[in-house]
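Input: a single structure, listed below in structure tokens.
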Number of protein chains: 2
Amino acid sequence: MMSLSQTTGHAVRALTCLAGHASPPVSVKDLAECSGVPRPYLAKIVKKLNNTGIIESKRGAGGGVWLARPAKLISLLDISVALEGDAFLGNCLFGLDSCGNEYECPAHKFWIKNREQIKRELERVKLSDVLETQKNHPAALHSNG
Amino acid sequence: MMSLSQTTGHAVRALTCLAGHASPPVSVKDLAECSGVPRPYLAKIVKKLNNTGIIESKRGAGGGVWLARPAKLISLLDISVALEGDAFLGNCLFGLDSCGNEYECPAHKFWIKNREQIKRELERVKLSDVLETQKNHPAALHSNG
DNA sequence: TTAATAGAAGACATTAATATCTACAATCTA
DNA sequence: TAGATTGTAGATATTAATGTCTTCTATTAA
């Protein structure tokens, strides 16, 4: 099924919890409970978000993680790129390697344009927007298959 | 990476070979050579295309497969649906199960619209178009990773 | 009717994404 | 400094997509 990876979905949910938390730092354990993401897996996700400067962390008692900048300045694009890399929207809709250089598949021009649309939308939507949406629907972001 | 499945890409390549063939039926073996898709795997793909009425087949010596209707009447959408099912474009960009009913994620409206755009494009592009493109670039559709 | 051809079917193998487990290192509080 | 807390790191496990192998059945041609 064509969508962003499940891992990215996890990250969005966890970051939303983090953004909504009154008093950071928050432990990964608490984030896992809040977001429904498996704890050990979330630890890895958190690591990536840390490496890419979206969150910061502190070890030890009273430690935890927090947003490196306000939720209004973190876009869904930032999160997607952090987890899946820069080319998270494939070069060709059909995954053809040869597509785009000397050759273009019949859907190429469309996909290039469409891909940019998707990117712009992901750039437009900020973590703060997700948080707002969630506040109106408290149980919203939890279940995921 | 977000794109249609590799399997769908395989199917498009193989069907393009089939559409370009002078005298059907064509054996799966020949299709595999022409398209670069692993033979045994192509056999499975061919089976699905058969089940969904995109191709027909005949066993035995002199048998093989052929398009069930002209290439102009087979869209990339038909092929995608045949292989990945009707919901091959996910319900939510982030794969959230809860998204779309009582709850909508912040990118939901955008994705619904965008998804339709993608579908329309896949509907617009026919197998005959792919064949034309390939004729101008003979080596185009072969390699794939 | 026999031998060759070719698709059908299902068991098995590989790979990448996802998820878990265990041990470790840093930091705080007392 | 002792002990509890919490992130870090890497090995291991599971799952779904992808790919392979073997055997069977249908069809044709001689």
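Each chain gets a letter, A, B and so on, in the order its sequence line appears, and its residues count up from 1. Values below: every heavy atom of this structure, side chains too, minus hydrogens, waters and symmetry copies.
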Review point. Any Lys/Arg nitrogen of A:R124 or A:E121 sitting under 4.0 Å from an Asp/Glu carboxylate oxygen of the other?
Key: yes
**Study point:** Protein proximity profile, nucleotides 13-21 of chain C - base contact B, sugar-phosphate-only contact S, no contact -, cut-off 4.0 Å on heavy atoms
**Key:** -----SBBB
Which atom of [X] lies closest to which atom of [Y], heavy atoms considered:
X: A:R39; Y: A:V28; answer: O-CG1, 4.2 Å
X: A:A68; Y: A:G53; answer: CB-O, 3.3 Å
X: A:I54; Y: A:A82; answer: CD1-CB, 3.7 Å

Check your understanding: Quick one: B:F88 CZ to D:dA17 P, roughly how many Å, whole number?
Key ->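 Distance, rounded to whole Å: 16 Å.
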Point to revise | Nearest-Å distance for atom pair CD/P, residues B:E33 and C:dA6 | key: 12 Å
Review point. Out of A:K119, A:K126, A:R69, A:K72, which one pairs with A:D78 under the salt bridge (charged side-chain N to carboxylate O under 4.0 Å, His left out) rule?
Key: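 The single option meeting the salt bridge (charged side-chain N to carboxylate O under 4.0 Å, His left out) with A:D78 is A:R69.
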Practice item. Please work out which residues in residues 49-61 of chain B have a non-hydrogen atom less than 4.0 Å from an atom of DNA chain D and list them by number. Key: B:K58, B:R59, B:G60, B:A61
Point to revise | Side chain proximity check, A:M2 to B:I118, heavy atoms < 4.5 angstrom | key: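 Yes, side chains in contact.
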Practice item. Please examine the side chains of A:F94 and B:L76, heavy atoms only from C-beta on, and report whether any two atoms are closer than 4.5 Å. Key: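 Touching, per the 4.5 Å side-chain cut-off.
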Practice item. Take A:K113 and A:K109 through the side chain to side chain contact (heavy atoms under 4.5 Å, CB included) test and state the conclusion after the steps. Key: CA-CA 6 Å; A:K113 235 166 61 182; A:K109 282 196 176 59; over 6 Å; no
Check your understanding: Within less than 4.0 Å of OP1 or OP2 of D:dG7, is there a side-chain N or O belonging to A:K47?
Key -> no
Practice item. Give me the residues of residues 22-30 of chain B where at least one heavy atom lies under 4.0 Å from an atom of DNA chain C, by number, or none. Key: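 Hits under 4.0 Å, by residue number: B:V26, B:S27, B:V28.
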Check your understanding: side chain to side chain contact (heavy atoms under 4.5 Å, CB included) between A:L31 and A:H21: does it pass, once the steps are laid out?
Key -> CA-CA 9 Å; A:L31 275 189; A:H21 206 88; over 6 Å; no
Practice item. Take A:C105 and A:C92 through the disulfide (SG to SG under 2.5 Å) test and state the conclusion after the steps. Key: CA-CA 8 Å; A:C105 91; A:C92 171; 3.9 Å; no
